[in-house]
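Below, read A as the first sequence line, B as the second, and so on, with proteins coming before strands; counting in each chain starts at 1.
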Amino acid sequence: MKSLAELQALKQKAIENVNLRKDREDGVRVVVGMATCGIAAGARPVMTSFLEEISKRNLNNVAVEQTGCIGLCRLEPIVEVYTPGQEKVTYVKMTPDKVARVVSDHIVNGQPVAEYTIGAAGM
Amino acid sequence: MELVRSHILICGGTGCTSSGSEVLHEEFDEKLAQYGLDKEVKVIKTGCFGLCALGPVVVVYPEGAFYSRVKKEDVEEIVTEHLLKGRIVKRLVYDETVHEDSIKSLNDVNFYKKQQRVALRNCGVINPENIEEYIAVDGYQALGKVLTEMTPAEVIETVKKSGLRGRGGAGFPTGTKWDFAAKSVNEQKYVCCNADEGDPGAFMDRSVLEGDPHSVLEAMAIAGYAIGANQGYIYIRAEYPIAVKRLQIAIDQAKEYGLLGKNIFDTGFDFDIEIRLGAGAFVCGEETALMTSIEGHRGEPRPRPPFPAVKGLWEKPSILNNVETYANIPVIFNKGADWFASIGTEKSKGTKVFALGGKINNTGLVEIPMGTTLREIVEEIGGGVPNGKKFKAAQTGGPSGGCIPASLIDTPIDYDSLISIGSMMGSGGLIVMDEDNCMVDIAKFFLEFTVDESCGKCTPCRIGTKRLLEMLDKITKGQGTLEDIDRMEALCYHIKNASLCGLGQTAPNPVLSTLRYFRDEYEAHVVEKRCPAGVCKALTSYVIDPEKCKGCSACSRKCPVGAISGEIKKPFVIDTTKCVKCGVCMETCKFGAVVKK
């Protein structure tokens, strides 16, 4: 170790590895429905797309979690996005292709993608 | 690129390791691979979470689900339910964290709510065998700052300002100690770390070394810079194999990253650390004995002065600090001396780690701000005394400390209040006792320990403690007299005043403090020939209450010496001349007819 700057650089690199373990009170939670129905409808690729997209953009404060059956199996894969202080947004019939837009419009810029939400599905 | 979405933290402290956490690690690896989750879920071995009573502990992030008492068979369920389908396995989650349908944050649980983890900040958070995880949580920042931006005098001033006092027990101000060593002029100086944790039931230092070894290394390097030393020694007992192993890994990694060794941070400062294993003698926790042992001699103390700051290891100026003291150092530089000084009481700053044990629900490791009362520790953090029994006393400071009776349960825990009530902080053992504990027996237990561990160099300790134990033994056998109690008290003061080192000087404390608060129990043993708690075997006898006895003969069939006789359906009788007082009859009786008198 030759300088503080070098240590800082190493810290920035290493921080991603432990970031997941913070107790989060703030920050966005992306919850993917991963019961049998969700998995069968293709929730797993959706979830991995979220992970990819989030790490690509270095979003440290976003957690991707799983949950059980939400009850609307016909609209799976379902993804719920929780932002502190706001009502949760429920996306239905998600596909890996839709993920990038949800991340960029909603998570980064705070504009939910209305056409993917449960409202747009006529519920 | 690795896309990890979940971390499984498995406690790798000694407590959880002995309750089987290593098997869990293998099982998780296997099951994750089986279900194709091994790429997205990472398994990490960490240090102690503190709730050892509920081990093995497994925490799954990002949800923060706290699984307790996890068995090998449970692993598959956690993998298929929680990790595959996202359903937390409520059955295995620590009861107190279950909150309607969500999981409460651990910080809201009674056990953790009143705690403030400073020395234990990284235990149970990072992987102790990976230096990068330590760096990610501000590791080695303090060392970098100290070496590149501060003078040794400023470093010492900061430590003084923080108000940090030695966590090994005596509470000497750390900054002042460093200052003495810095002012001793010599080409060669040494920094030593006391990891010879010897109090029965204490495991604070072990947990720090197992969970966060780098914080100690970093602090030792800072100390080295402050006093002008370039060599450090960690004296650790060989009975701590996990801690020794992780410490060695940490030293090797720090050297590899250039955080120990030559020319650290390109400042020309060299610092190296070596481990020295101790064979487990209690006296080697005393500073002069410890240094003698590092030198390769028999671990015996020598008179002070000269103090180690002037003539220590190999007669060179040396400092010796306890593991927990060092663990506080990096935080003081990262968050500032004022921040540290804002925690605690006027004369005792910061926090203290305690190993909570004995008659308490939440056995484990707790870290509290100084000034927290004993009541808060026992009733809130510790979850109270089990089986509805009454709290009788708490013992702090191990064989060197004393008892705090129930009447003083609101005493704030800090160095000075504990001394004023005849106990001491000690290194942090805290043993809770209930009404079933005999205080004379407790004093005898600790004295047996010091008699065993006395090195024998000085007479007051070698012979004095032995005589003291003999008198205690007499009392517990019902052969003592009131004069014995007075003679015992007098002998205690002789031992305290005349012994060479801390071991002898504090050895009578358990006797003195129990005499101070529980003299009536001593007198009951002597005058009434009765042990009020029913512990001292010679003074208790088992009898059958004829009113309650149904004459089922269960006790007589279990009695190993055939001391119980009687006719079926009529009250049985115990022959006290044959009875060996093993208590089996009392455990066997379904009607509560066997009583201790």
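Here B/Glu256 pairs with nothing under the side-chain hydrogen bond (donor to acceptor under 3.5 Å, both in side chains) rule; sequence neighbours left out.
A/Val64 and B/Pro62 make their closest contact through O-CG, 3.6 Å (heavy atoms, listed as atom of the first residue, atom of the second, distance). Closest non-hydrogen pair, A/Leu7 versus B/Phe265, comes out as CD2-CZ, 3.9 Å. Across B/Glu63 and A/Gln66, no two heavy atoms sit closer than the pair OE2-N, 3.9 Å.
Residues of residues 39-52 of chain A that come within less than 4.5 angstrom of chain B, heavy atom to heavy atom, are A/Ile39, A/Arg44, A/Met47, A/Thr48, A/Leu51, A/Glu52 in numerical order.
Within the 4.5 angstrom heavy-atom criterion, no atom of B/Thr267 approaches chain A. Only the side chain of B/Ile44 comes within less than 4.5 Å of a heavy atom in chain A; its backbone stays farther off. For B/Glu81, no part lies near chain A; criterion is any non-hydrogen pair under 4.5 Å. Only the side chain of B/Leu9 comes within less than 4.5 Å of a heavy atom of chain A; its backbone N, CA, C and O stay farther away.
One finds the NE2 atom of B/His82 at 8.0 Å from the CD atom of A/Glu65 (value rounded to the nearest 0.5 Å). One finds the CD1 atom of A/Ile15 at 11.5 Å from the CD atom of B/Glu133 (value rounded to the nearest 0.5 Å).
Ranked by heavy-atom pairs under 4.5 Å with chain A, the first of B/Ile264, B/Thr148, B/Val125 is B/Val125.
Under a 3.5 Å cut-off, the side chain of B/Glu132 and the backbone N or O of A/Leu10 do not form any donor-acceptor pair.
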